[in-house]
Amino acid sequence: MKGIGIMGGTFDPIHMGHLLTAEYVRDAYGLEKVLFIPAANSPFKLEKKVESAEDRLAMTQLAVADNPHFEASDIEMRREGVSYTSDTIALLRAHFGPDVPLYFITGADAINDLPAWHHPRELLELCHFIAATRQGTALDLPKLRAFFGALCDAHIHELATPELEISSTEIRARIRQGRSIRYMVPESVETYIRKEGLYRCVME
């Protein structure tokens with residue numbers, strides 16, 4: 001049975017690096033689709049200013065519109081409180097049933113911090129993690145194996161992905177400086193950002 005990929009994040013804004021990584025993993029693992037899930041209230045960004053959940057969802061929807069295997073989801077925005085990945089995956093597991101493999105796609109650096117996530121062991125039991133690895137960033141397998149035991153090797157996988165050094169932080173900075181973000185985000189996302197006047201008053 002084909003699996004479902006999951007890409008969570010603030011997506012403030014979503015950019016070409018997110019899309020390329022998702023497509024690379026989708027192709028490598030033969031996934032049916034990849035869900036892009038903007039966090040409503042990320043536990044890692046509670047003290048930072050981010051654009052509204054509605055704007056970030058709208059940009060995500062625009063970014064994935066031309067790929068039939070991509071889908072934007074508002075599952076976290078329909079929940080109150082902090083957007084814990086463990087809660088989201090539990091809901092998706094209930095929705096898709098026990099037999100559909102779920103693959104959470106993120107960077108190796110984030111997976112190295114997985115033991116500090118909310119209910120990490122329960123989370124890893126519910127889904128697989130795909131570590132999109134790039135040069136200079138590797139999984140800390142001794143640390144992960146020490147914490148998760150055999151579950152680490154069974155549910156954490158590495159996939160070398162193309163290097164595309166784009167960050168949402170850089171994009172926001174360039175917008176404030178009046179510089180081009182062409183080819184860093186899809187054209188539809190750039191148009192939305194310009195139309196809505198996003199990021200011009202964001203304080204880091």
What distance do F36 atom CZ and I14 atom CD1 have between them, rounded to the nearest 0.5 Å?
-> 5.0 Å

Between OG1 of T85 and CZ of F104, what distance do you get to the nearest 0.5 Å?
-> 4.5 Å

Mind listing the closest non-hydrogen atom pair of H18 and S168 along with its distance?
-> CE1-OG, 4.0 Å

Shortest non-hydrogen contact between L159 and A28, atoms and distance | CD2-CB, 3.8 Å

Check: residues 187-195 side-chain donor-acceptor pairs under 3.5 Å, at least two apart:
| from | atom 1 | to | atom 2 | distance (Å) |
| --- | --- | --- | --- | --- |
| S188 | OG | L62 | O | 3.4 |
| T191 | OG1 | E187 | O | 3.0 |
| Y192 | OH | D55 | OD1 | 2.5 |

Please examine the side chains of L124 and I156, heavy atoms only from C-beta on, and report whether any two atoms are closer than 4.5 Å.
-> yes

Taking every non-hydrogen atom, the tightest pair across P38 and M77 | CB-CE, 3.4 Å

For C152 and L144, work out which heavy atoms get closest and say how close.
-> SG-CB, 3.8 Å

Distance-only, no hydrogens or angles: does the R56 side chain make a donor-acceptor pair with backbone N or O of T10 under 3.5 Å?
-> yes

Should L57 and F70 be regarded as members of a common hydrophobic cluster, given that ILVMFWY residues are connected when their side-chain heavy atoms come within less than 4.5 Å of each other, either directly or indirectly?
-> no

Under a single-linkage definition using a 4.5 Å side-chain heavy-atom cutoff for Ile, Leu, Val, Met, Phe, Trp and Tyr, are L35 and L91 assigned to the same hydrophobic cluster?
-> yes

Do the side chains of L19 and P186 get nearer than 4.5 Å, heavy atoms only?
-> yes

By side-chain hydrogen bond (donor to acceptor under 3.5 Å, both in side chains) - contacts of H118 (at least two apart) = S86

Does some side-chain heavy atom of I75 sit less than 4.5 Å from a side-chain heavy atom of T88?
-> yes

Salt bridge (charged side-chain N to carboxylate O under 4.0 Å, His left out): which pairs involve residues 63-78, sequence neighbours left out?
-> K33-E71, D74-R78

Pairs satisfying side chain to side chain donor-acceptor pair (under 3.5 Å), at least one member in residues 140-157, at least two apart | H128-H157, R145-D153

Rounded to the nearest 0.5 angstrom, the CD-NE2 distance for E170 and H15 is 9.0 Å

Flag the pair R174 / M184 as yes when at least one side-chain heavy-atom distance between them is below 4.5 Å, and no otherwise.
-> yes

Could you list the residues that satisfy side-chain hydrogen bond (donor to acceptor under 3.5 Å, both in side chains) with T21, not counting sequence neighbours?
-> R134

OH of Y103 to CG of L31, rounded to nearest 0.5 Å, is 7.0 Å

For L123 and F129, the nearest pair of non-hydrogen atoms, with its separation, is CD2-CZ, 3.7 Å

Using the rule that two of Ile, Leu, Val, Met, Phe, Trp, Tyr join whenever any of their side-chain heavy atoms come within less than 4.5 Å, decide whether Y24 and Y183 are in one cluster.
-> no

Go through the steps to decide whether H95 and I4 satisfy the test side-chain contact (heavy atoms from CB on, under 4.5 Å), and finish with yes or no.
-> CA-CA 12 Å; H95 174 74; I4 303 295; over 6 Å; no

Enter the distance from I89:CD1 to I6:CD1 here, rounded to the nearest 0.5 Å.
-> 3.5 Å

Mind checking whether I111 and L139 have side chains closer than 4.5 Å, heavy atoms only?
-> yes

Side-chain contact test, heavy atoms from C-beta onward, threshold under 4.5 Å: evaluate it for L141 versus E158 and give yes or no.
-> yes

Backbone N or O of G178 within a donor-acceptor pair of the R200 side chain at under 3.5 Å?
-> no

Quick one: is the NZ or CZ of R121 closer than 6.0 Å to the six-membered ring centre of F147, and within 45° of its axis?
-> yes

In Å, rounded to the nearest 0.5 Å, how long is the span from CZ of R79 to CG of D87?
-> 5.0 Å

Who passes side-chain hydrogen bond (donor to acceptor under 3.5 Å, both in side chains) against Q61, sequence neighbours left out?
-> none

So, for M59 and Y199, which heavy atoms are closest and what is the spacing to 0.1 Å?
-> CE-OH, 3.2 Å

Side-chain contact, heavy-atom cut-off 4.5 Å: V25 with V34?
-> no

Would you say R26's side chain and G30's backbone share a donor-acceptor pair under 3.5 angstrom?
-> no

